[in-house]
Structures are given as C-alpha cells and as structure tokens.
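Single-structure report; data block below.
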Amino acid sequence: MILAETPPFSSHIAGWLAGLVGMEPNWLFSAVGALVVAAVILLLVVTPVGLGGVYLERKLAGRMQNRRGPNRVGPYGLLQSLADGVKLLAKEDILQRGADSPLFRFAPYLVFMAAFAGFVVLPFAPGLVAADLDVGLFYFLALIALETVGIVMAGWSSNNKWSLLGAMREVAQVVSYELPLGLAAMCPALAVGSLSLVAITDYQAGPIWKWLLWRDIYWAIAMVPAFLLFYTAGLAAAKRAPFDLPEAESELTAGFHTEYSGMRFGMFFLPEYAMMLSLSAVTSVLFLGGYHDPIGLSAPGKLFDGVWWWGLLWFFLKTTFLFLTQIALRWTLPRIRIDQVMYLCYKVLLPIGMGSLLLTAALRLLG
Amino acid sequence: MMALRNWARAVWMGLKTTWIGLTITVPYIFRRPYTLQYPEEIPEIPPTERGLHVFEIDKCIACDQCAKICPVDCITIEAEGKGKTARIRTFEIDYSKCLFCALCCEPCPTECIHMGPHFDLVGYTRDEVIIDYADRENPRVFSGEEKIPYEIVSFSRK
Ligand code: SF4
Ligand code: SF4
C-alpha cells in the first residue's frame, strides 16, 4: 500500500538500497524496491486477511450450527488459522504418478497470484491505494478470469476424475457468471463514466443517498438489481456456496484440488477467502460508496475529508458486512446443480443485467 | 406473457426463500452454543447411568456369581477362602469386553457391585482398560462404612 500523494514507497527503498552500496539508482534497484513493497503487501494485507477470513468463517459456521467453532488454540481460538498454516507447511508435498508435473506445480501459484493481485487496485482509504489504474475495474475482472485458468490447470493436470470434473464445472460456471458479472459492473462504471475504482468511489462522496445504489429513485431501479446481480455473480466467482460446484466436497472429494496437499493446498485455500474479501470490497466500492461514510463527513470540505483512518474504517466495515453475508449465505443455502447454475446465470441474471445496463445508459443519456 | 409471469415469480421466490433461510440461520449466531466443553465441563449424569462399576470390597464374599453371569466373561476374581472371611486378591473387570449390561449386579448376594456414574475410560493400550477393583487405591472401590458419594441405583432383582 502506497500513499498516493507521496512518491511510491518502492522508489524510496530503491534509493536507500542504491545509497547503501554506493551506486546510482537504476532499474535493478527499482525492481528490488517493487519486490519489497509486494512482500510487505503480502505480509500486511494478505496474511491477516486470509487467516482472519478463515477464522471468521469457521467461528460463524460453528455458531450457526450451535457449535462453538475453534476455541482451543490461543484466546477464543484466534491462533487456529496460524496453527493450520504451520500444519500445512509441515505436510508432505505429494506429486502423484501420472500428474502433469509443471502444470500441477504451477497452478496453485497462478490462483494465488490472481486472487491477491486484485488487492492492488482497491482504494482502502483516501490516498491509500497501491495503483489507481484507469482501468481498475477491468483489471479486477480480468484477474477473476485469470484465476479460472489456474483452476482448470489444476483440474486437468491432476490426472484424477474428481479434479477433472471440478475443472469442467468451473469452466461451465465461468462462462455463465462472467457475463452477468461484467454487465453488473458496467452499470456503475457507465453511471460514473470511469473504470477507475478511485473515481467511482469519489463520485459517491457525501451522505448515504449519494451512494450509487440509490442515488435517486430512477437510478435505484437500475442499480439495486445490478447490485444483487454483482453480489450473486461474485458468489459464483469466489466459488462460494451455493455455487461451490468446482470443489463440491460432498460429491467430488475436493474438486479441482483433490490431489493437492500441504502448502499447495493452502495456496488454493487462502485465495478463496482473499477472493471473497476483494469481491466484497469491489461491491462496496461500486455500490456502497467505498471509503465514504454514510453521514457525509468524508465529503470534500467536510470534517474527515481525506482522513485515511476514517476512510479505512468505513471501507472495512462495509467490506466486512458483505463478507459476513457471504458466510451466512454459505451456511444457509444448499449447493445447487450445475444446470441450475447455468439456468440462473443465463435466464435470470443475464436479462436482468441487460435491463439494468440499458436503463443506466438511458438515464445517463437523459442526464 | 404467461412465461414472463412465471419467470418473475421464480425470481421473486428465489429472493424470498433466501431471505427466509437467512432469518432462520442468522439468529443462531446469537444463541448460546450447545457444545459442552468436555474435559472442563462434566455433563450431568443421571443416577441410572450404567458406567464403570463401583465396588464395595468389604462386602464381597468371592462367590463368583457375577463372573458366572457375565455374558462376555470379563470379570476375573482371585481370592483366598470363601464367604465373609474371603480376601480378594484380584477383582478385574476387562473394560475392552464389558458391555455395561449390569447383569453382574443382579445375582450378587451382598449387593456389593454397582454400576457407577463414571464414563471416562481411556487408555493407550488394551491393558490400561483392565481395572483391578481389589486395588484399594482405586477411587471407585469403597470399603467399610465409607459412604459412596453418589446415588447408586440397585440393579438387583431381590
Ligand atoms: S456389566 Fe455386564 S459385561 Fe460388564 S462386567 Fe457386568 S455382567 Fe459383565
Ligand atoms: S457376586 Fe457379589 S459377592 Fe459374589 S463375587 Fe461377585 S461381587 Fe463378590
């Protein structure tokens, strides 16, 4: 995470490193600096996010089933995820006979990368964004598609029928949910006239009725369905119940990652939670005002205009709320069949998405 | 038109059932979990529980009735003499076999073997679950006028 006003953190590190060895800063030092920043992001965002997400999910799942959830490791079981991580690290990394070795080994990295690279464009708070890309939203959607490649790779190279079935389902699911997901994401982008997540957030500065979800009554007609659409398609993209068909543990053992063990399995496990969180974050940016609070204190010229911790607080509150609803849905709805997923995506979500987009375009045209 | 109506109804029902499902599951988050934290919290055992035996060694007359009736032959008694002067050397119950049927309590002429409330029977080897009730250090063995600290339900037919 880099404060946008200051020169990128990585160039500081590059300069410092160059001074240390007494050389002019060149591209090599820049590369090292960028790597250090990436490592810091990985350490400060990815690890707590992934581990916290896993803990939250298990705890809530427990409570929803009248259990207590993890409570043995550390106070309230808070260190459970950490203990699981250590366990995964200590486990044997198995490469089964008949697997396509390079693909099999590379697939988890691809999934991991794709899921966590999405955090780069998220505006956590005013000025607190790693890269404010002009095409931030597009980049984010592209990464979701990239993750699928990793999953198909894993399923295909495992030489296992469950894995292959999981990968096939993933493909069937992707071609169904990508369209509504894209259409739903288009609505706010069209309304704001930008694909930059920062621009979309700042467009919603002000009190709660400035949020894109219900900016005014006509917009709400287009945006509320788009919001539900994005949320639902996002569930499918994160492979969460009721759309967890590619892993479907009760039918396919573990779906595409059946054959993975140890940390390679962890590399499939953590991104799922990262994906949930980044999708929740993008949903809150697109429809719920991102880092702007509901009373309008962060609007330009107001008390908390540009105060990063205030923005961070609201960003995380909204994201966490959406994240919790995702968990609640998982423990409420049964898994649906693959043909039902396709029915839902093509026959329900797609028409609604088209209608929303059309309405948004019309409203934009009319002013 | 009909098809559109059905479609709209299906969408509405989907949203509605999801909502109903959530209103059922979410309140559970705020309820107390039922889980008993076992080693720290001991569940309340009803007095009729047929757990590990409770043995009153002074009353036993080494008549071997309990060993004879046991359907799985898991009681081994070794004693010097018989009757009231008998000295019990070993009174072993092999809990890897015992099926907690309480049949051994029925024929006992002196009513000295009971089913107790204890249920935690764990061991790393099979020998560890053979309990010798002639061992007076065993907290489940009572002698003389010692009061058994829990309610004992008689399974005796007499
Ligand atoms: S409870 Fe039944 S099985 Fe166990 S020792 Fe008594 S008679 Fe034998
Ligand atoms: S039946 Fe009763 S008295 Fe006879 S040996 Fe068994 S415990 Fe002792």
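Just so it is clear: chains get the letters A, B, ... in the order the sequence lines come, proteins before strands, and each one is counted from 1. No hydrogens, no waters, no symmetry mates; every other heavy atom, side chains included, goes into these values.
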Across all chains, not counting sequence neighbours, the side-chain contact (heavy atoms from CB on, under 4.5 Å) partners of A/A185 are A/L137, A/L141, A/F230, A/L286
Just by distance, which donor-acceptor pairs between chain B and chain A come in under 3.5 Å?
unit_1: B/W7; atom_1: NE1; unit_2: A/K347; atom_2: O; d: 2.7
unit_1: B/T25; atom_1: OG1; unit_2: A/T332; atom_2: OG1; d: 2.7
unit_1: B/R31; atom_1: O; unit_2: A/R63; atom_2: NH2; d: 2.9
unit_1: B/Y34; atom_1: N; unit_2: A/N66; atom_2: O; d: 3.0
unit_1: B/T35; atom_1: O; unit_2: A/R68; atom_2: NE; d: 3.4
unit_1: B/T35; atom_1: O; unit_2: A/R68; atom_2: NH2; d: 3.3
unit_1: B/Q37; atom_1: OE1; unit_2: A/N71; atom_2: ND2; d: 2.8
unit_1: B/Q37; atom_1: OE1; unit_2: A/R72; atom_2: NH2; d: 2.8
unit_1: B/E40; atom_1: OE1; unit_2: A/R72; atom_2: NH2; d: 3.4
unit_1: B/E40; atom_1: OE2; unit_2: A/R72; atom_2: NH1; d: 3.2

Against chain A, residues from residues 62-79 of chain B with at least one heavy atom under 4.5 Å, in numeric order, are none
| query | For atom CZ of B/F119, is the number of surrounding heavy atoms from other residues, nucleotides or ligands below 6.0 Å larger than 12? | reply | yes
Nearest heavy-atom contact between A/M64 and B/V26 is CE-N, 4.2 Å
With sequence neighbours left out, the residues meeting salt bridge (charged side-chain N to carboxylate O under 4.0 Å, His left out) with B/E44 are none
If one checks every heavy atom of A/L329 against chain B at 4.5 Å, the contacting part turns out to be both
